[in-house]
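Keep in mind it's a predicted model, so treat the numbers as computed, not measured. The basis for the numbers below is simple: all heavy atoms, side chains too, and nothing from hydrogens, waters or symmetry mates.
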Amino acid sequence: MHGTNATQAYMTGHMLIGGELVESKDGAWLESINPADESPLGRVPMGSAADMAAAVEAAEKAQPAWAALSMAQRAAFIHKLGDAILARTEEIARIESLDTGNTIGPMRRDVNTAVDRMRFAAGLAYEIKGETVPATPGNIHMTIRQPYGVVGRIIPFNHPIGFAASRIAPAIISGNTMVVKPSEQSPLSASILGEICKAILPPGVVNIVTGARETGEALVRHPRVKRIAFIGQPASGMAIQKAAAETAVKHVTLELGGKNPLIAFEDSDLDKVAASAVGGMNFGWQGQSCGSMSRILLHESIHDRVVERILDRVRKIKVGHPLDPQTNMGPINNKAQYNKVLSYIDLGRNEGGKVLHGGGIPKGDEFKRGFWIEPTVFGDMNMSMRLAKEEVFGPVMSIFKFRDEAEALAMANAIDLGLTAAVWTNDINRALRVAQSVQAGYVWVNGVGQHYRGVPYGGFKNSGIGREEGISELLSYTEEKVINIVIGGGDYNPAAAG
């Protein structure tokens, strides 16, 4: 098994600050571990508050000249950046797979999807526009959109290059510069992205500062970074809101976790429901996805038949080294997450859930080291259990039984998260009723998992605030300014004012 990693040399990465690849000012390093065997994979600088301050200063310095370029010029830079990323797809996907534990196929797709999203943002650039308002006769009242200045972006461990690269373009296309703080759990691909940005972009337009939680907090708290965007866990999102508010008034958007329900009614295609339940659980990256379908709600008349079909599919999931193309599921990303997943499996057992598959560590010598967990399915679940309500962020699926539409909706909505949901039925009226009533920001009817280009993604409740991946994301990186042109400069008339 470990032969797939034998040729991977220890990697030493650098941060990108002001167009230079640098170490941290105090010489500290952050080591990254291969979750498949716990061997050291590489290291990146442990960025300090001083490093973050230098990155923000570099971004501020670069911003006026970047904003002075035309939309077409900035779009051309983004297209060149995309080309350069694609040219290193295999290298990025390989280190990403080793660093995250995610299987190699999805990691290759992450690189391609990221570049697709970058090109999409570049193509939407001319839609970042204002409007005129007929407020008074004879005068012109118009809005324009201006960049915030410096944008801060904090990246999670599950799709490091996918989120880092794709989220650069919507922020910088309107004239912002940017500081990116990658996850401390899977930081290595960010160093490759830094090398590419150094080669393609003007110095200081994109800065990448690696490090731990304190590094990210320095970015969030920086008084001159007014726009912050974060993808991660709800508790971290709340901490970011609090920290940001302590230094300045900021625009913070958060794309947070989910405990997402797939609701299948009695008229559904049972094979498709089972395939969607397993596919939507994202076992290819160990269920470590905010959008994973971790709650499967089945009508009582189809429950047993769908459960058997789900188990047939889960039994075929091959757990193994993430670089092996035959592997369907790799190791959990890091030790803390591994312990968290195992604790939730124990909790589910203790609460009365029935382990239908998995629930332990795979058998075999290759699984003696590393953060390995079997794909796990719980049955006999009810909404009083913590496992039913709390996000695990691991390969743990819970299956529930419902009697009617009202009960299904009550179960789906009985938690404080609301990112995604899927509704399976052939009754169009029911599909629309449930889709409108389920408390989630991104809903599929007779589908699952897929993100569609241009469609805004984000959650209700504690699953976040703001939307990404659509035109609203691009607009969110700008501030609206009103310009009132008073023809002839007329006298101020309070009676005519709004």
Side-chain angles (χ1 to χ4, degrees), residues 8 11-24 30 32 41-47 51-52 55 58-59 62 66 74 77-100 102 104 106-119 121-122 150-173 176-211 215-216 219 229-231:
Q8 184 63 41
M11 176 178 172
T12 296
H14 292 85
M15 303 188 292
L16 177 66
I17 298 178
E20 297 299 324
L21 296 171
V22 297
E23 298 178 10
S24 64
L30 171 68
S32 197
L41 256 185
R43 64 179 187 167
V44 294
M46 179 69 86
D51 293 307
M52 188 58 75
W66 178 249
R74 288 195 293 268
F77 273 113
I78 287 170
H79 283 294
K80 279 185 199 165
L81 189 63
D83 291 339
I85 290 169
L86 287 180
R88 297 178 73 172
T89 297
E90 206 54 37
E91 176 190 2
I92 293 168
R94 179 183 171 83
I95 195 67
E96 190 98 309
S97 186
L98 290 170
D99 203 12
T100 62
N102 299 347
I104 186 73
M107 292 299 92
R108 285 195 192 101
R109 286 199 299 277
D110 267 13
V111 179
N112 285 284
T113 300
V115 173
D116 278 351
R117 287 177 174 161
M118 291 168 68
R119 299 199 197 287
V150 180
V151 170
R153 165 65 79 168
I154 300 175
I155 304 296
F157 67 66
N158 56 339
H159 299 285
I161 195 79
F163 284 138
S166 66
R167 296 326 196 249
I168 285 172
I172 70 172
I173 189 64
N176 295 293
T177 52
M178 194 170 196
V179 180
V180 177
K181 193 276 170 185
S183 166
E184 60 266 38
Q185 304 293 354
S186 303
L188 297 180
S189 65
S191 295
I192 301 174
L193 183 61
E195 293 171 13
I196 297 169
C197 288
K198 171 181 163 60
I200 302 297
L201 296 175
V205 171
V206 171
N207 304 272
I208 300 174
V209 182
T210 49
T215 317
L219 176 60
F230 171 77
I231 302 174

Looking at side-chain heavy atoms only, is the closest gap between [X] and [Y] below 4.5 Å?
X	Y	result
L193	I168	yes
I231	R167	yes
R153	V179	no
L81	C197	yes
E195	R88	yes
S183	I155	no
M15	T210	yes
P156	F230	no

Kindly say whether [Y] contributes a backbone atom to a donor-acceptor pair with the side chain of [X] at under 3.5 angstrom?
X	Y	value
D110	I161	no
S97	A93	no
N176	A171	yes
R108	E90	no

Atom [atom1] in [X], atom [atom2] in [Y]: separation rounded to 0.5 Å?
X	Y	atom1	atom2	answer
F163	T113	CZ	OG1	11.0 Å
L201	W66	CG	CH2	5.5 Å
I196	S189	CD1	OG	9.5 Å
R109	N102	CZ	CG	11.0 Å
T12	R43	OG1	CZ	4.5 Å

To check you understand the geometry: which heavy-atom pair defines the closest contact between [X] and [Y], and what is its length?
X	Y	value
G13	S191	CA-OG, 3.3 Å
E184	G211	CB-O, 3.3 Å
E23	D51	O-OD1, 4.3 Å
T100	S186	CG2-OG, 3.6 Å
I92	I85	CD1-O, 3.9 Å
K198	G19	NZ-O, 3.2 Å

| task | Might you work through the side chain to side chain contact (heavy atoms under 4.5 Å, CB included) test for H159 and E96, ending with a clear yes or no? | result | CA-CA 8 Å; H159 299 285; E96 190 98 309; 5.9 Å; no
| query | Is there a side chain to side chain contact (heavy atoms under 4.5 Å, CB included) between E91 and I192 once you walk through the steps? | reply | CA-CA 9 Å; E91 176 190 2; I192 301 174; 3.9 Å; yes
| said: Please determine whether side chain to side chain contact (heavy atoms under 4.5 Å, CB included) holds for the pair I200 and K80, giving the CA-CA distance in whole Å, both sets of side-chain angles, and the decisive distance to 0.1 Å. | reply: CA-CA 7 Å; I200 302 297; K80 279 185 199 165; 3.8 Å; yes
| query | Do S32 and D99 have side-chain atoms, one donor and one acceptor, less than 3.5 Å apart? | reply |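 Judged by distance alone, the side chains do pair up.
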| field | Chi angles and distances behind the side chain to side chain contact (heavy atoms under 4.5 Å, CB included) call for V209, L219 | value | CA-CA 9 Å; V209 182; L219 176 60; over 6 Å; no
